[in-house]
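Here is the structure we will look at, set down as structure tokens.
Below, chains carry the letters A, B, ... as their sequence lines are ordered, and counting in each starts from 1. What's counted below: heavy atoms across the whole structure, side chains too, no hydrogens, waters or symmetry copies.
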Amino acid sequence: MHAEKEILFRDSASKALLDPQLRANFRRAMDGLITKRRNQFPDPRDLQDLRDLSTAIRSRSLLSLPELLEQFEANCTKNGIQVHWAETCEQANELILGIMQAKGAKTLVKGKSMVSEEMHLNAFLESKGIEALESDLGEYIIQLDGETPSHIIMPAIHKNKDQIARQFSQKIKDAKYTEDVDELTAMARKVLREKFLHADAGLSGVNFAVAETGTLCLVENEGNGRMSTHVPPLHIAVMGLEKVVARLEDVAPLYAILTRSATGQAVSTYFNLISGPRGTDEKDGPREVHLVILDNGRSRMYADPQLRATLRCIRCGACMNHCPVYTRIGGHAYEAIYPGPIGKILTPQMEGVGVRHDLIHGSSLCGACSEVCPVEIPIPEILVRLRREATHEDVGSNVLGRGTGRTAAEDWAWRIWAGVLKRPALYRVASWFATRFGKALPAGAPLIKNWTRTRTKPVPARRSLSERMRAEGGSHD
Amino acid sequence: MTDARTAILGRLRAAGGSGPLPDLDTAVLERRQWPAAERVERLRKGMEAVHTEFLEATPATWPVVVRAFCDREGLKNLLFGPTCEAGADLAKGWAPGGTQLMPYDRPVEAFKDELFTGVDAGFTSTVGGIAETGGLLLMPGSAEPRLMSLVPPIHIALLRASTIQDTFWSAVKALGWGRSLPPNALLISGPSKTADIEQTLAYGVHGPKRLIVVLVQDLA
């Protein structure tokens, strides 16, 4: 949704680094999550086998994606779920508005859904006079402050309990100031139960969509997902088109590795399997269930054999928890719906590599993300690929905004470099000057100042390798 | 949005699959097998770790165990499904006085406010359990509505030891869930919880604050 404006990750990251409270909040949280995940995988062989199986399941699903989507749609329809398709976020928003208006629905309670964040659904519905209330506690906390999630699993992880205590006492009616977590939770329960009771509609995301049964799987701990999908008379689910898997038994290993990778839990409190609206003889449950399947650039990623791996993601957030960059700056610095390593490859592909050129360079390529990814997405390799796409218009590639990140200065620098390398005599002269006078180059010189701002200036050797080889009687053969 | 559907599927199809389908090696799931008695212990350990409480019972005594718990806790009522087998068995021996049995026998719209504010506990049966991680498998429906295990602050669930499966994967296969599923089925491992405030665990954020498993020891 950042259509034209260039967002500079280095500026927001620098700002975040200067906030000691934010750094402390993230450091504590991420250290805890890393330890909890490690404890869930005591046997390295088991972990690798489970990763291999999960990767194979996701890869198989993607290979048959159009067929599985059709089978899934047919089974959903058979079960009474009304399926809608949207190419863009704008289309998806309009679809949801239409579904709500057709039922005269004015209030919506939401379970956690990153796709709805991608769509900026709350702001859209509110502009149409519909109240959209987040019911996941973390989402509710940040909604009270008008913020966006800073983590895809734990949206309010950037806040500590003192900040939340102050916020609740100011923004919840009749709330007293307390830093007791149980009391704060009870306050939210009271407010949100009232909302569940009276809401006209509920919205949820989808963790896994099962083609063979037409089932929407929902992973959660709080029960707000169940409340949102079972109490109001209307349930609307939204999902990215990549979520589908062939069989219900495929879901079991994915679920096992999802909860362990995300929060270090062997299992979540609730795992919901929703396969239709209230049956004719049922006494509760929604009267109607609608599902919106969103593309928003996913079919473009799908078309590229290397970038397709992005769609294997099961949104566990482990890459964020283990990323040395994310851990120090938190999620908001990315100014993107999906932060962290997965966001660095997902966001530029959704919004264009030109717009988010700075973001794809905000990584040390250390590989921690791919090492922990439960479905083995090669994030560093895709980042390198996107860096190239940002500055080249390669034939055959369909990456959005390819070539638009190229700058005149960089272009000239590479041309000069290529020109020198292609001419041996010129190369010898240039390397003679570099070895003799490179040391005298000031650290603040234009081409190297960004590097030397946080690092020691590199000093060229006193003699080039060729010179040394000649002097020592070596040969190029 | 037929146009969107056609366009999206057309693009996906044009991209095509590349390469052979990778093999699925499920050995990592298959090696998770335990004797029946150990399954019970594993389930119990996993669920107790997330604050689930257990009551021991036999096939003959479980209604008495449920009643004793309700009286001990001073519950004013217990919501149950009168037409399901477990509900009927529970009602059969329920003497008047103390905790009142409250049948869920009408559409929720007829008593939504009362359900949210005036019910102390809900009683459900289960269709199985998961040993590996600890959890209960429920299939709500017309006899046992969905909200019984969600809205009241206490959920009492009846679990027969003989129905405990090794893993969620083996349970899906054993129960035939891949062939057909009712509108709602679920796995529950404990009371509702959150760690959204400074990673501190708090129970009962939206759903039940307590989950009580009445474990019926029916292994041969």
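Of the two parts of A:Leu197, the backbone and the side chain both hold a non-hydrogen atom closer than 4.5 Å to a non-hydrogen atom of chain B. Looking at B:Val205, the atoms closer than 4.5 Å to chain A (heavy atoms on both sides) sit in the backbone and in the side chain alike. If you measure heavy-atom distances from B:Val108 to chain A, the contacts under 4.5 Å come from both the backbone and the side chain. With a 4.5 Å cut-off on non-hydrogen atoms, B:Asn184 touches chain A through its backbone and its side chain both. Only the side chain of B:Lys173 comes within less than 4.5 Å of a heavy atom of chain A; its backbone N, CA, C and O stay farther away. Contact annotation for B:Arg11: only side-chain heavy atoms (C-beta onward) come within less than 4.5 Å of a heavy atom of chain A. A:Arg278 touches chain B through backbone and side chain together, each having a heavy atom under 4.5 Å away. In this structure, the portions of A:Asn160 lying under 4.5 Å from any heavy atom of chain B include both its backbone and its side chain. For B:Asp23, the part lying under 4.5 angstrom from a heavy atom of chain A is the backbone only. Looking at A:Arg300, neither its backbone nor its side chain comes within 4.5 Å of chain B, counting heavy atoms on both sides. With a threshold of 4.5 angstrom between heavy atoms, B:Ser149 approaches chain A through its backbone and through its side chain. With a threshold of 4.5 angstrom between heavy atoms, B:Thr26 approaches chain A through its backbone and through its side chain.
Between the OG1 atom of B:Thr52 and the NE2 atom of B:His155 there is a distance of 10.5 Å, given to the nearest 0.5 Å. B:Ile164 contributes atom CD1, which lies 7.5 Å from atom CG of B:Leu219 (distance to the nearest 0.5 angstrom).
Using bins of under 30°, 30° to 60° and over 60° for the plane-to-plane angle, the ring pair A:Tyr255/A:Phe271 lands in the tilted bin.
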